[in-house]
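Structure first, then comments.
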Amino acid sequence: MASYLDILCAVVALLLILYYYSTSTYDFWKKRGVPGPKPLPLVGNTKDLMLAKVASTQLVTDIYKKYANEPLVGFFANRMPVLLVKDLELIKDVLIKDFTKFSDRGFNVHERTEPMSTNLLFLETERWRPLRTKFSPTFTSGKLKEMLYLIIDCSVDLERNLKRLVAKGEPINCREMAAKFTTDVIGTCAFGIDMSVSNQVTEEFHRMGKLIFAVNFENTCRIKVRQFLPWFYDLLGYVLPDRILAPYFTKNVMDTIKYRQQNDIFRPDFVNTLIELRNHPEKMENIELTDSFLASQAFVFFAAGFETSSSGISHTLYELARNHDVQDKLRQEIKEMYAKTGGEMKYEHIKGMKYLDKVFKETLRKYPPGSVLSRKATSVYTFNGTNVTIPKKTMVWIPVYSIQMDPDIFPNPEVFDPERFNEETEAARHPMHYLPFGDGPRNCIGARFGQIQTKIGLITILREHKVDVCEKTIIPYERDPGAFLLTPKGGVYLKITKADS
């Protein structure tokens, strides 16, 4: 009998220790006078997020609305304190004015479990800063002009694929169609592969692209463990390392670099930048330029470009199918552009399409690729005009989606209205009201590339075709709570037909 009592006491003691440990940080925001929702033991305020019942978009927006008049709101991801910054000037301080104190995104780099995580997006400040300096010239307007012909070549394949799909007369999965185009573009520009040469290479790239962001049991588990149990995720590297993505992308990048060097080939693309880094390692102090490290830079270019641009194209088509007045006006601008240029499409022609730019911006307002910007304090910091001081390593979240869907900022936010981005309205708006690519020194390095890629895709599709909703179109829009980025549940199915000439 005593043994059962001993076991019971031991279990109770363990539960009390676990309870104390899981709640020991829960006075963090109270001591600093920051309001926020009451956390639950073990899970904090992220129970539904951990169980994939809601997306981070919904979690953050609920907190954003509940504390509408608060500049700062504190909550807990498990037992970790997270600060939601809502005040626009404080957001500007974090992203721009005091960037040096928030230069880290706060992502964990798991080199053993995920070798491809040693990329520009995830890296800590020490390695990020010199790498960003080296990569920035690759994404200038001048470089994009040089790469434009590569993207246009891929758009020819997009047009051919579109005509084949339209001929079937069935609803088209626009997300799949757009993903094939963006995969071709990134495969060409980031990996230097001619995607039109081999169907086998093309299909393998498409498969890898879908695998990265697939909403399945394995990916969902990896995301949740990585997010909420990073120490355990590191341990998984000893038994469950990435045996698919890392070997595939590393081999492709290294084979391309080797082939170009042996044959003295130059192309104005991302691979050329990697070759320059490899040839001059002395310029990258404190960074070991391993094959895996170099490949991970191409990997993040591929992953980000593949997902965000295909999402941008499919979301735009979704809104145009429901707003024919906007669609007709945009198609007219496309036709006028081609009429003026004699059928050519150059960088300056695309940049000059004012209405296309408005449509693009309005799509990213409603469907920003990342619903939240994360930063981690690199030192003790006191927010300007407040008594709130946070210690080093505190996580800070900026609610991009919540701000861009706030009716006090964008009236009737569910309405798709490109005129929100006319020059006069944009000039009157606070710059922190619109952050689909972030802001400050650690904004999205590939923003220009993503814009051009998305716009060329839209021009190609809409020039001779019109889009409509169909029986498979999900209305109203439903977000997939298990997806890492803002993703529609069930895809974007639309009817596409030949437009009247």
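We use all heavy atoms of the structure for the numbers below, so side chains are in, but hydrogens, waters and symmetry mates are not.
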Does the side chain of [X] reach to within under 4.5 Å of the side chain of [Y], using non-hydrogen atoms?
X: Y338; Y: H349; value: no
X: F266; Y: I275; value: no
X: C174; Y: I496; value: yes

**N384 versus L90, closest heavy-atom pair with distance** =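 Taking N384 first and L90 second, the nearest heavy atoms are O-CD2, 3.5 Å.
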**Request:** Please report the shortest heavy-atom distance between D357 and Q451, naming the atom on each side.
**Result:**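 Closest heavy-atom pair between D357 and Q451: OD1-OE1, 4.3 Å.
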**Prompt:** What about F135 and F301, are their ring centers closer than 6.0 Å?
**Reply:**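 No, the ring centres sit 6.0 Å or more apart.
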Backbone of [Y] reached by a side-chain donor or acceptor of [X] within 3.5 Å:
X: Y434; Y: K361; answer: yes
X: D98; Y: K101; answer: no
X: R442; Y: F102; answer: no
X: T473; Y: Y493; answer: yes

**Request:** Measure up the F249 and F302 rings against each other and bin them: parallel (under 30°), tilted (30 to 60°), perpendicular (over 60°).
**Result:**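 Ring orientation, 0 to 90° scale: tilted.
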**Prompt:** How are the rings of F139 and F449 set to each other: parallel, tilted or perpendicular (split at 30° and 60°)?
**Reply:**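 Ring orientation, 0 to 90° scale: perpendicular.
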**Asked** Would you find more than 12 non-hydrogen atoms of other residues, nucleotides or ligands less than 6.0 Å from E423 atom CD?
**Response**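 Incorrect, the count does not exceed 12.
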**Message:** Atom OH of residue position Y149 - does it have more than 12 heavy atoms of other residues, nucleotides or ligands inside 6.0 Å?
**Reply:**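 Enclosed.
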**Message:** Between S103 and T378, is there a side-chain donor-acceptor contact under 3.5 Å, judged purely by atom types and distance?
**Reply:**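 There is no such pair (donor and acceptor under 3.5 Å, judged by atom type) between the side chains of T378 and S103.
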**Asked** In this structure, which one of S155, S310, S309 forms a side-chain hydrogen bond (donor to acceptor under 3.5 Å, both in side chains) with Q453?
**Response**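 Single side-chain hydrogen bond (donor to acceptor under 3.5 Å, both in side chains) partner of Q453 among S155, S310, S309: S309.
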